[in-house]
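Data first, discussion second: the structure below is written as structure tokens.
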Amino acid sequence: MKKLILFGFFVGIPVFASGNVPEGYWFEMFAKSVNAIIFFGLLFWLAKKPIVAALRSQRENLARQLEEAEQKEKDAAERLARIEERMAGLKNEVEEILKKTDAAANREKEKILEQAKMEAEKIKQIAEREIENRFRTAREELRNYMTNLAVEKAEAVLKEKMEAKDVEHTMLQYLKELEG
Amino acid sequence: MAGQEAVNRYARAFVSVISGRDDALDIYREFHGIAKELTENKAVVHYFMNPSVMVRDKVKTLDASLADAGADGIVRRLLVALVRNNRFGILKYLSDPVRRMLYDELGMVEVKLTVPVALSADMKTRFQKAFEKKTGKKVILSIETDPGVIGGAVARIGSLLIDGSIKTNLVKIREKLTGEIQWR
């Protein structure tokens with residue numbers, strides 16, 4: 001209604017402003033106004049339902065979208081909570097894994113150290129045996145050398161010092177043993 | 001070894017023929033001398049080993065040479081048999097087994113004695129008697145002088161070795177001290 005009055009106001013103002021109202025103007029204005037009212041009424045009657053339906057549908061859509069948005073927000077919040085919870089769990093898990101890894105690394109380190117010690121002990125024993133063998137060989141070689149030298153000297157002394165009677169004595173000794 | 005078997009076979013046959021004779025040792029000495037002469041002469045060896053020379057020519061040559069040299073019949077027959085049977089090659093290996101077998105047949109044994117200095121006649125006799133007593137056989141003693149023995153003596157009776165030398169005693173001392181066996 002306000003819109004209709006406003007329409008009449010905007011149409012009538014120019015007419016009164018000119019001060020020259022032709023004959024039959026008001027009738028024509030009235031007829032046109034009636035036509036306009038009928039037209040707009042008809043338009044209203046025809047377009048009301050679809051427009052209202054469209055507006056309702058739009059409102060419902062908006063409401064639904066709002067609900068969906070809220071639901072999504074809730075879901076997102078839940079998911080975020082879950083993720084945060086999981087992240088917290090992951091942190092613990094990571095810490096647990098790190099602890100286990102550290103423990104395994106320490107065990108491995110101990111094992112390697114133990115093996116290294118054993119290897120070192122073996123090498124030490126081998127080296128000791130080798131030294132002992134070398135020492136024994138050197139001692140035997142020295143003893144053999146000394147013995148050979150002593151025997152050679154003894155032989156030389158015997159050859160030099162033994163007189164004919166001594167040699168004959170040794171042969172007589174042999175002969176006596178032979179004769180039994 | 002086929003060659004060794006042949007040597008032993010010929011040696012046994014020869015010894016079985018001569019061992020019954022009183023002059024067996026003389027026959028052996030004659031055989032030993034002739035065998036040595038023949039085998040040490042390269043030309044003779046070459047002739048008798050030459051397959052292109054007929055066997056009958058070799059036999060004829062050998063027989064004539066031995067007859068000229070006045071060799072005993074048994075020795076001649078043995079040498080001719082060797083040539084005829086193409087066994088001239090074993091002649092140089094025949095002397096030792098013949099001697100061993102002959103000594104064995106005659107109840108004799110050969111003793112090789114190594115001493116540091118030459119022995120007096122008295123010592124030789126004493127050694128001879130001692131070995132005869134030990135072996136129970138008549139001893140053919142051959143004496144070798146080797147100053148390397150230093151003192152004592154070494155006797156070899158066949159495969160038996162009686163080593164009483166100072167040299168060997170020194171070696172034994174060395175072996176005992178070092179634990180090593182020294183091969184001389």
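This is a predicted model, so every value here is computed, not measured. Excluded from the calculations below are hydrogen atoms, water molecules and symmetry mates; all remaining heavy atoms, backbone and side chain alike, are included. In the text below, chain A, chain B and the rest are named by the order of the sequence lines, each starting its count at 1.
Around atom CD of E73(A), no more than 12 heavy atoms belonging to other residues, nucleotides or ligands sit under 6.0 Å away. In N50(B), the CG atom is crowded: over 12 heavy atoms of neighbouring residues, nucleotides or ligands sit closer than 6.0 Å. Summarising the local packing, CZ of R79(A) is surrounded by 12 or fewer heavy atoms from other residues, nucleotides or ligands at distances under 6.0 Å. Within a 6.0 Å sphere centred on OH of Y93(B), heavy atoms belonging to other residues, nucleotides or ligands number 12 at most.
Counting heavy atoms from C-beta outward, E168(A) and V117(B) have side chains that stay 4.5 Å or more apart. A heavy-atom distance below 4.5 Å is not found between the side chains of L178(A) and K133(B). Side-chain atoms of P147(B) and K159(A), non-hydrogen and from C-beta on, never get closer than 4.5 Å to each other. Taking 4.5 Å as the limit, every side-chain heavy atom of M146(A) sits out of range of all side-chain heavy atoms of L177(B). Put simply, the side chain of E177(A) does not reach to within 4.5 Å of the side chain of I162(B), judged on heavy atoms.
Here CD of E175(B) is found 12.0 Å from OG1 of T147(A). Values are rounded to the nearest 0.5 Å. Here the CG-CE distance, from L119(B) to M171(A), works out to 5.0 Å after rounding to the nearest 0.5 Å.
Heavy-atom neighbours of chain B within the stretch residues 56-70 of chain A, taken at a separation under 4.5 angstrom, are nonexistent.
L102(B) and V139(B) are assigned to two separate hydrophobic clusters, defined by single-linkage of ILVMFWY side chains at heavy-atom distances under 4.5 Å. Hydrophobic clustering, with ILVMFWY side chains joined whenever heavy atoms are under 4.5 angstrom apart, keeps L160(B) apart from V149(B). No single ILVMFWY cluster, assembled from side-chain heavy atoms under 4.5 Å apart, contains both Y145(A) and V171(B). V154(B) and F131(B) are members of different hydrophobic clusters when ILVMFWY side chains are connected at heavy-atom separations under 4.5 Å. Both V44(B) and V55(B) are part of a single hydrophobic cluster, where members link through side-chain heavy atoms under 4.5 Å apart.
In terms of heavy-atom pairs under 4.5 Å with chain A, the best-connected choice from A153(B), S120(B), A130(B) is A153(B). The residue among K134(B), R126(B), K129(B), M123(B) with the most heavy atom pairs within less than 4.5 Å of chain A is R126(B).
A pairwise comparison of heavy atoms in G152(B) and T170(A) identifies N-OG1, 2.7 Å as the closest pair. The shortest heavy-atom contact between I150(B) and V167(A) is O-CG2, 3.8 Å. Shortest non-hydrogen contact noted between Y174(A) and L113(B) is CE2-CD1, 4.4 Å.
If you measure heavy-atom distances from Q173(A) to chain B, you find no contacts under 4.5 Å at all.
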